[in-house]
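What you see is a predicted model, and the numbers here were worked out from it, not measured in a lab. The chains referred to below are lettered A, B, ... by the order of the sequence lines, with proteins before strands, and numbering in each begins at 1.
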Number of protein chains: 2
Amino acid sequence: MEARIETIKQQLQSQGYKLTPQREATVRVLLENEEDHLSAEDVFMLVKDKAPEIGLATVYRTLELLSEMHVVEKLNFGDGVARYDLRADNSKHHHHHLICVQCGSMEEIKEDWLLPLEERLEREYGFAVADHRLDFQGVCRRCQEKNDQPNE
Amino acid sequence: MEARIETIKQQLQSQGYKLTPQREATVRVLLENEEDHLSAEDVFMLVKDKAPEIGLATVYRTLELLSEMHVVEKLNFGDGVARYDLRADNSKHHHHHLICVQCGSMEEIKEDWLLPLEERLEREYGFAVADHRLDFQGVCRRCQEKNDQPNE
DNA sequence: GTTCCTGCAAACAATTTGCATTGAT
DNA sequence: ATCAATGCAAATTGTTTGCAGGAAC
């Protein structure tokens with residue numbers, strides 16, 4: 001973890017930015033919650049534990065900055081809140097989401113199923129893919145089972 | 001076009017809703033701009049030409065209603081505005097987007113490349129896919145060519 | 001005469017911005 | 001002393017809601 005912070009610090013410095021205490025606290029929160037998709041507000045509340053005087057605007061500015069540097073990825077699940085994901089070390093963001101329209105749960109698929117498609121895209125459309133995003137809406141297994149029961 | 005309006009009218013009526021003049025004007029705007037991804041504000045301005053007294057809230061309510069009835073699809077490209085797309089007749093929304101991070105252009109791919117994946121999803125994850133959404137970020141052909149020129 | 005639908009204005013939520021202050025080099 | 005970064009509050013933007021009036025069965 002310290003190593004990753006160091007990497008990010010250098011990435012920032014190489015662009016003339018500093019890793020201030022507030023920024024570091026924000027990055028730590030993201031590292032500690034790598035599995036989640038935190039909203040700016042979520043991050044803010046978690047950062048506040050470490051650095052109580054931080055302002056929400058700073059969190060937004062930091063997330064924006066990290067997003068521009070491709071340290072985090074800004075996601076959007078259509079619920080009106082932007083969510084932020086730490087990127088796996090300098091690689092593309094290769095996972096997909098299964099969003100259940102019934103219970104709102106979200107499952108992640110870690111494999112990348114799109115490489116063949118991306119190759120085809122470059123070939124047929126001349127489009128150089130940098131990243132992608134694939135979400136499926138539908139009904140998850142649990143809700144399907146619930147639906148099948150002759151309602152209690 | 002009249003036929004499609006008639007279909008939508010019946011779809012609404014079957015659920016106890018009416019196709020009011022405002023709603024009809026909204027649907028017409030969507031039909032006339034089927035290729036675009038209009039934001040609520042966009043729709044509002046276009047509808048105003050036909051029905052100047054319509055209120056923005058009504059447009060939102062109509063789009064929300066149509067969205068619930070699966071007449072339109074609410075899309076989200078991560079720019080903070082919801083966009084609305086008329087669904088091709090009662091089918092899934094089978095197209096993907098190529099978003100150029102350099103010039104901001106967006107191209108659409110009409111084919112559906114995901115059917116095999118969706119089958120696999122149902123098999124391996126027990127997830128019943130109702131819809132999906134696939135966007136690629138990258139650099140479009142035009143911008144690539146521009147970049148290759150030894151800058152003028 | 002209910003009930004649904006509308007327009008308007010106010011409310012709201014997420015995000016951004018202006019600005020005076022602080023902190024590091 | 002400069003210049004970036006911060007906290008706070010105010011502003012902005014996209015969207016939703018409350019409510020009184022209108023239209024339709």
Side-chain angles (χ1 to χ4, degrees), chain A residues 8-29 37-69 71-85, chain B residues 8-29 37-69 71-85:
Chain A
I8 292 169
K9 182 173 179 181
Q10 284 168 12
Q11 228 174 319
L12 284 171
Q13 286 175 344
S14 76
Q15 311 280 317
Y17 300 114
K18 317 176 198 170
L19 185 63
T20 64
Q22 291 90 331
R23 286 180 183 167
E24 181 172 337
T26 305
V27 170
R28 281 185 190 279
V29 163
H37 306 285
L38 301 176
S39 69
E41 203 84 33
D42 294 339
V43 174
F44 177 56
M45 297 204 307
L46 291 167
V47 173
K48 258 197 163 165
D49 294 344
K50 298 182 194 295
E53 327 64 26
I54 198 173
L56 179 54
T58 302
V59 171
Y60 271 104
R61 282 188 280 234
T62 301
L63 291 172
E64 182 61 26
L65 175 63
L66 293 175
S67 178
E68 273 167 28
M69 314 221 22
V71 171
V72 304
E73 179 159 11
K74 194 171 178 178
L75 299 173
N76 215 306
F77 295 117
D79 59 349
V81 229
R83 299 178 176 279
Y84 299 85
D85 244 34
Chain B
I8 292 168
K9 182 173 179 181
Q10 285 169 12
Q11 227 174 320
L12 284 171
Q13 287 176 343
S14 75
Q15 310 280 316
Y17 301 113
K18 318 179 197 166
L19 185 64
T20 64
Q22 290 91 331
R23 288 180 182 165
E24 182 172 337
T26 305
V27 170
R28 281 184 190 278
V29 163
H37 306 285
L38 301 176
S39 69
E41 204 83 33
D42 294 338
V43 174
F44 176 55
M45 296 203 308
L46 291 167
V47 174
K48 258 198 163 162
D49 293 343
K50 298 181 194 293
E53 327 64 26
I54 199 172
L56 179 55
T58 302
V59 171
Y60 271 104
R61 283 188 279 234
T62 301
L63 291 172
E64 182 60 28
L65 175 63
L66 294 174
S67 179
E68 275 166 27
M69 314 219 26
V71 172
V72 304
E73 179 159 11
K74 195 171 176 176
L75 299 173
N76 215 305
F77 295 117
D79 60 349
V81 233
R83 299 179 177 278
Y84 299 86
D85 243 35

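Every pair passing side chain to side chain donor-acceptor pair (under 3.5 Å) that includes a residue from residues 10-24 of chain A is listed here, sequence neighbours excluded: Glu6(A)-Gln10(A), Glu24(A)-Arg28(A).
Chain A approaches DNA chain C within less than 4.0 angstrom (heavy atoms of the protein), and the contacting nucleotides run 5' to 3' from dA14(C) to dG18(C).
Under the 4.5 Å side-chain criterion, counting only non-hydrogen atoms from C-beta, Val81(A) is in contact with Arg83(A). Residues Leu12(A) and Lys9(A) are not in side-chain contact: their nearest non-hydrogen atoms beyond the backbone lie 4.5 Å or more apart.
Taking Lys50(A) as the reference, Glu32(A) meet the side-chain hydrogen bond (donor to acceptor under 3.5 Å, both in side chains) condition, with sequence neighbours excluded. Partners of Ser39(A) according to the side-chain hydrogen bond (donor to acceptor under 3.5 Å, both in side chains) rule, which considers only residues two or more places apart in sequence or in another chain, are Asp42(A).
Among the heavy atoms of the strands lying under 4.0 Å from Leu56(A) is at least one base atom, whether or not backbone atoms are also near.
Applying a 4.0 Å cut-off to non-hydrogen atoms, the residues of residues 22-29 of chain B that approach DNA chain C are Gln22(B), Arg23(B), listed by residue number.
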Produce the list of close N/O pairs, under 3.5 Å, pairing protein atoms with atoms of nucleotides 18-25 of chain D; give distances to one decimal.
unit_1, atom_1, unit_2, atom_2, d
dG18(D), O6, Arg61(B), NH1, 3.4

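The CG atom of Leu46(B) sits 11.0 Å away from the CZ atom of Phe44(B) when rounded to the nearest 0.5 Å. Note: Ser67(B) OG to Asp85(B) CG = 11.0 Å, rounded to the nearest 0.5 Å.
Proximity of Tyr60(B) to the phosphate of dT15(D): a side-chain N or O atom is located under 4.0 Å from OP1 or OP2.
Atom CG of Leu12(A) and atom P of dA4(D) are 15 Å apart (whole Å). The CD atom of Glu41(B) sits 10 Å away from the C1' atom of dT15(D) (whole-angstrom rounding).
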Show, in sequence, the C-alpha distance, side-chain angles and deciding distance for Thr58(A) and Val47(A), and conclude whether the side chain to side chain contact (heavy atoms under 4.5 Å, CB included) test is met.
CA-CA 11 Å; Thr58(A) 302; Val47(A) 173; over 6 Å; no
Can you check side chain to side chain contact (heavy atoms under 4.5 Å, CB included) on Val71(A) and Val27(A), steps first, answer last?
CA-CA 9 Å; Val71(A) 171; Val27(A) 170; 5.8 Å; no
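For Glu53(A), counting side-chain heavy atoms from C-beta on, the closest listed nucleotide (dT6(D), dG7(D), dT15(D)) is dG7(D).
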